[in-house]
Each structure stands twice: as structure tokens, then as C-alpha cells.
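Here's the structure we're looking at; comments come further down.
We're numbering straight along the sequence, starting at 1.
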Amino acid sequence: GEFPGGDFVYKSTKRDYAASPSLENHIAEDLGLNEKQRADVLMTIYLDHPGKVGDGRNHRFASGLLARTEADTVRKEKLLALNPEIKPPTKSEILDLPARTLWHRLRYKEASLPATKAAVVNFPYTNGFVSSLMHSMRIWPALRKFASQHTSDVTIVTTCSIQDQMCTHYAPLEDAKPFLL
């Protein structure tokens, strides 16, 4: 399949991947998006292979808005306009603050993600811990293994629809370097 590409406005951190839905919720709140409006708009990029990187607090990920339409461009500007009001955390606060507090202290960044050939997997989603376990223990490892046959910089990009109870996972197969942010 293909990853659609677009301007990615995001917040990034190092935490257990299980914290990523919480960061997506925070960004949805900043945008005023309800659960029906999130799919294919909010995405998370998982940068590290959990089996090769130490404890869960060290897994890098970025969640944000993938702007592809005029409405998304307005949303993108809304997020970036919040930055002057945000007081960034210190290095020690990044490690010590609870996730929900930290999310408010992270500034939005911007990157352009290319449309690219990608391995694409759809998998059921319950918006609960069982889905998180299935994704991290079954889906992502298989997707990483497949993508590693095509690129050395394997990343996984995920968007989930709570309403449709389905997630779409992408692993870019061509120039994946832009996805490393």
C-alpha cells in the first residue's frame, strides 16, 4: 500500500508505547476533535524496536496531526499557535512528570512526511490495554520484520478509529529517514 504523506505537527517523547494513546487524546483535546474525527488525522510514529531498546520509558514516539487537507492546515496552524504559551519541561521534569502533566509542557514541532510505498496492516482495536498488547507484541514485530527486508530505518506509523474499532499500521518501505523526525 501507500502511506499518504503530509505535514506532521507533533509532540515527541520517550515513554512506554502504552502512553501514546494518552498523548493522542491530549492533541485531540487541543484541536477539539471528537473520537469520530481522529482516524486518519491523528497518527503516532513509533521509532524504536521495543525488543532492541531498554526499558519501556526509553521508547521514542511522536503523536500528532497529519495535515493533508485545507481543514487540516487550519488545525496545523492552531496547534503551532499554542507554542508561545507552552513552558517546556527541564530534562529532569521530562523523566519525573506524570504523562498527562508532561503532555501540556511539550511544544509542537513540524516535519514533512513523504507519500511513500509502505507495508499496511489493518487490525481490530478495542481502545483498551488488550489492543495495546496485541499491537506491541504481535502486529508491530511482524510488521517490523517484514519492513526490515526493504529498509534499514524501520518505523511504524499508526492511526486508530475508535468508532470503527480498527487501526491502520504503516511501515514505510522506501526512504524512511524523514520518519525518524
Side-chain angles (χ1 to χ4, degrees), residues 3-31 33 38-67 76 79 86 88-89 91 93-114 116 118-121 123 125 127-145 147-148 151-162 167-172 176-181:
F3 177 78
D7 290 332
F8 189 53
V9 178
Y10 64 95
K11 291 186 175 194
S12 62
T13 192
K14 285 183 182 178
R15 290 282 165 130
D16 189 294
Y17 283 164
S20 63
S22 169
L23 182 53
E24 278 192 17
N25 288 339
H26 166 75
I27 294 166
E29 289 169 10
D30 278 354
L31 289 169
L33 295 178
R38 296 169 154 193
D40 300 323
V41 174
L42 295 184
M43 303 214 172
T44 297
I45 301 176
Y46 300 95
L47 298 165
D48 296 314
H49 187 306
K52 294 182 179 177
V53 175
D55 70 35
R57 287 189 64 91
N58 291 319
H59 297 155
R60 297 170 303 151
F61 65 92
S63 296
L65 165 78
L66 186 66
K76 173 181 111 170
L79 291 178
I86 297 172
K91 288 184 180 186
E93 287 176 327
I94 289 172
L95 298 173
D96 296 335
L97 287 174
R100 290 291 292 168
T101 303
L102 177 62
W103 302 158
H104 293 281
R105 302 276 303 276
L106 297 174
R107 286 198 170 142
Y108 285 99
K109 302 172 190 170
E110 184 177 14
S112 181
L113 301 179
T116 186
V120 182
V121 174
F123 197 80
Y125 177 68
N127 196 24
F129 77 95
V130 173
S131 286
S132 292
L133 288 173
M134 288 298 294
H135 291 164
S136 63
M137 298 179 85
R138 297 288 183 185
I139 306 306
W140 295 337
L143 193 53
R144 279 185 185 283
K145 183 178 178 182
S148 69
T151 183
S152 59
D153 300 316
V154 178
T155 58
I156 306 265
V157 183
T158 297
T159 183
C160 296
S161 170
I162 296 168
C167 286
T168 303
H169 308 280
Y170 301 90
K177 284 188 181 13
F179 291 86
L180 297 175
L181 304 174

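Applying side chain to side chain contact (heavy atoms under 4.5 Å, CB included) to Leu66 and the options Val41, Leu113, Thr159 leaves one that passes, Leu113. Of the candidates Thr158, Val154, Thr155, Tyr46 forms a side chain to side chain contact (heavy atoms under 4.5 Å, CB included) with just one, namely Thr158.
Ring planes of Trp140 and Tyr17: perpendicular class, angle over 60° (limits at 30 and 60°).
Listed by chain and residue number, Arg15, Trp103 satisfy the side chain to side chain contact (heavy atoms under 4.5 Å, CB included) test with Ala99 (two or more places apart in sequence, or in another chain). The salt bridge (charged side-chain N to carboxylate O under 4.0 Å, His left out) test applied to Arg107 returns no partner, not counting sequence neighbours. Listed by chain and number, the residues in a side chain to side chain contact (heavy atoms under 4.5 Å, CB included) with Pro141 amount to none (sequence neighbours excluded). The ring pair (Phe, Tyr, Trp, His ring centres under 6.0 Å) check on Phe8 picks up Tyr10, with sequence neighbours excluded. Under the side chain to side chain contact (heavy atoms under 4.5 Å, CB included) criterion, Ala119 pairs with Leu143, Phe146, Ala171, Leu173, not counting sequence neighbours. Listed by chain and number, the residues in a salt bridge (charged side-chain N to carboxylate O under 4.0 Å, His left out) with Asp40 amount to none (sequence neighbours excluded).
To the nearest 0.5 Å, the span separating CG on Leu106 from OG on Ser63 amounts to 10.5 Å.
Using a 4.0 Å cut-off between charged nitrogen and carboxylate oxygen, Arg105 and Glu93 count as a salt-bridge pair. Arg100 and Glu29 are joined by a salt bridge, as a carboxylate oxygen and a charged side-chain nitrogen come within less than 4.0 angstrom of each other.
The shortest side-chain heavy-atom distance between Cys167 and His135 falls under the 4.5 Å cut-off.
Using a 3.5 Å distance cut-off with no hydrogens or angles, the side chains of Ser12 and Lys109 do pair a donor with an acceptor.
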